[in-house]
Amino acid sequence: MAARDADAQALEAAAAYAEVEKALLARLPEHKSVAGPTLERIRLLCELLGEPQHAAPVVHLTGTNGKTTTARMVDSLLGAFGVRAGRLTSPHLAEVRERITLAGQPVSHERFVQAYHEIMPFVDLADPRLDRPLSFFEIVTALGFAIFADAPVDAAVLEVGLGGRFDATNVADGKVAVITPIAVDHSQYLGNTPAEIAGEKSGIIKPGAVAVIAQQEVEVAEVLMRRAAEVGATVAREGLEFGVVARDLAVGGQQLTLQGLTGMYDGIFLPLHGAYQAHNAVCALAAVEAFLAGGVTEGEGLDADLVRAGFADVRSPGRLEVVRRGPTVVLDAAHNPHGANATAEAITEAFSFDPLIGVVGVMRDKDVEGVLEAFEPVLTRIICTENSTARAMPAAELAEYATDIFGEDRVEIAPRLDDALELGVQLAEESGSSGLAAGGVLVTGSVITAGEARVLLGGR
């Protein structure tokens, strides 16, 4: 009887959550909510809610790639030191509630629904006073703030959705601002050069903060340093104040030695693949050192065993994530040339697939040619597909780009993602059946494509 009651409650909670998610997704989508950029809309909502964004000290992250994984690393490290963190990231892979976590776990269906109904009366008060109703991203950001304030949490780890200066998360003031590598993406909103984009992203560096800056192009670094000087922020730069000392491949990930802001840490196992993840890791370490500075003895650093424990617990779904064996299927959310190049390098280093079949679905507003050119040297064949969103580029249109880059004999078309996955597995099995090498499948091109494939393959 108790088991049946629990099952019924779970079904009821899931149904209520589905209704809330539907209502949120009916709002203006986040990629369109940057028109007429301003923080006044989210500021009004937060004011009505009692300023929940100021309830806990903040680690704020922006950049072009690596933000979500670095945020996960910061969260895991803080947890290892007994700091209960709330984390707000975007986009999600399968469910909106994945964006809001407490102590490393997505909030429950019940808590998400409860928080939604708690803030909606304030949304209804705000909407008539604004030029247009609050967007999906603005409401989800406020939801995260409200959940963190109510929990409460000891720290809030906030990932910028788009840009920085006018991103809804920027109504919070980061004690630590982390800027991961900046390249060109979302150029229609942020600018056409890395320096222009850096100007937008530098807006999260606030007076008195510590700015943890990953390795950047010279012109980008100059913009970030100028902003830090203007607001009186302390700067910590990868390659100068902190950095990756040594990196070796290991089963299931890599072994690292990292120079932090306050100490050297060796024997760190990171269960993620790729050199870029080592750089994300050292940025996360520096951010946590800066955040915990009050409890660190000068020159002694953090407890190395806790640092090792924090990194060993890191998980980053949809980032070179293995979701099937025999043949191996790997998911990766790379969606711009910078990310695609890093993924191509990492999968070549970490795996020995022959052949490697790509199942690729992209958004029509991305640099499609740049993404395909990055993957061409490592993919034996490419299957062009599409995800379920309105922004998805049709598979046939993607195939036209792919044919120019890969050649007609290396391109397949399968508009349905499930069919594309089935074909990818079939091709990997057939071509990898002889010799010592085994075939593999890489599903990539978009966070949505990776997320939908994850659900289809049972990774949810």
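Residues: numbered from 1 along the sequence shown.
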Between [X] and [Y], does any side-chain N to carboxylate O distance fall below 4.0 Å?
X: R43; Y: E40; answer: yes
X: R111; Y: E118; answer: yes
X: D313; Y: R308; answer: no

As a quick check of understanding, evaluate side-chain contact (heavy atoms from CB on, under 4.5 Å) for V244 and H279, giving each step before the final call. CA-CA 7 Å; V244 178; H279 293 286; 3.8 Å; yes

Within the 4.5 Å heavy-atom criterion, are [X] and [Y] side-chain neighbours or not?
X: E238; Y: C283; answer: yes
X: V96; Y: V140; answer: yes
X: M393; Y: E386; answer: no
X: V330; Y: V323; answer: no
X: E373; Y: P337; answer: no
X: L356; Y: F351; answer: no
X: V157; Y: L88; answer: no
X: Y276; Y: T69; answer: no

For a quick test of your reading: what N or O donor-acceptor pairs under 3.5 Å do the side chains of residues 439-447 make, sequence neighbours left out?
from	atom 1	to	atom 2	distance (Å)
T444	OG1	D332	O	3.0
S446	OG	I448	N	3.0
S446	OG	T449	N	3.4

Pair [X], [Y]: side-chain N/O donor-acceptor within cut-off below 3.5 Å:
X: H273; Y: Q254; value: no
X: N336; Y: D367; value: no
X: E159; Y: S90; value: no
X: E422; Y: Q426; value: no
X: E138; Y: S135; value: yes

Once you round to the nearest 0.5 Å, how far does [atom1] of [X] lie from [atom2] of [Y]?
X: T62; Y: I182; atom1: OG1; atom2: CD1; answer: 6.5 Å
X: T38; Y: R165; atom1: OG1; atom2: CZ; answer: 10.5 Å
X: I347; Y: S352; atom1: CD1; atom2: OG; answer: 10.5 Å
X: R97; Y: F112; atom1: CZ; atom2: CZ; answer: 9.0 Å
X: D124; Y: L134; atom1: CG; atom2: CG; answer: 10.0 Å
X: E400; Y: C384; atom1: CD; atom2: SG; answer: 10.0 Å

Which pairs count as salt bridge (Lys or Arg N to Asp or Glu O under 4.0 Å) when at least one residue sits in residues 68-89, sequence neighbours excluded? D75-R87

Under the side-chain contact (heavy atoms from CB on, under 4.5 Å) test against N170, which residue among L158, T141, L39 passes? L39

Give me the one residue out of D419, V360, I357 that meets side-chain contact (heavy atoms from CB on, under 4.5 Å) with I383. I357

Taking the side chain from [X] and the backbone from [Y], do they hold a donor-acceptor pair closer than 3.5 Å?
X: T328; Y: R325; result: no
X: E452; Y: S388; result: yes
X: S76; Y: G310; result: yes
X: H335; Y: A333; result: yes
X: E412; Y: A420; result: no
X: T180; Y: N65; result: yes
X: E98; Y: A94; result: yes
X: Q277; Y: G274; result: no

What's the shortest heavy-atom distance between [X] and [Y], and which atoms?
X: P194; Y: V220; answer: CB-CG2, 3.5 Å
X: L224; Y: I205; answer: O-CD1, 4.1 Å
X: V212; Y: A286; answer: CG1-CB, 3.9 Å
X: N341; Y: A374; answer: OD1-CB, 3.5 Å
X: I413; Y: A395; answer: CG2-CB, 3.9 Å
X: A155; Y: F291; answer: CB-CZ, 3.5 Å

R41 and D131: salt bridge (charged side-chain N to carboxylate O under 4.0 Å, His left out), yes or no, with the steps? CA-CA 9 Å; R41 301 157 48 75; D131 57 336; 2.9 Å; yes

Does a sphere of radius 6.0 Å around CZ in R416 hold more than 12 heavy atoms from other residues, nucleotides or ligands, not counting ones at 6.0 Å or beyond? no

Check salt bridge (Lys or Arg N to Asp or Glu O under 4.0 Å) between E376 and all other residues, then give those that pass, not counting sequence neighbours. R410

Report the C-alpha distance between T64 and K201 in whole Å, list the side-chain angles of each, state the deciding distance to 0.1 Å, and finish with yes or no for side-chain contact (heavy atoms from CB on, under 4.5 Å). CA-CA 9 Å; T64 300; K201 294 183 182 293; 3.9 Å; yes

In this structure, is the centre-to-centre distance between the rings of F311 and F269 below 6.0 Å? no

Qualifying residues under ring pair (Phe, Tyr, Trp, His ring centres under 6.0 Å), relative to [X], sequence neighbours excluded:
X: H60; answer: none
X: Y401; answer: none
X: Y116; answer: none

Test log, rule salt bridge (charged side-chain N to carboxylate O under 4.0 Å, His left out), inputs R315 and E321: CA-CA 9 Å; R315 300 293 180 271; E321 179 188 17; over 6 Å; no

Run H54 and V171 through side-chain contact (heavy atoms from CB on, under 4.5 Å) and show every step you take. CA-CA 9 Å; H54 299 315; V171 293; over 6 Å; no

Steps toward side-chain contact (heavy atoms from CB on, under 4.5 Å) verdict (L372, I382): CA-CA 9 Å; L372 294 178; I382 181 172; 3.6 Å; yes

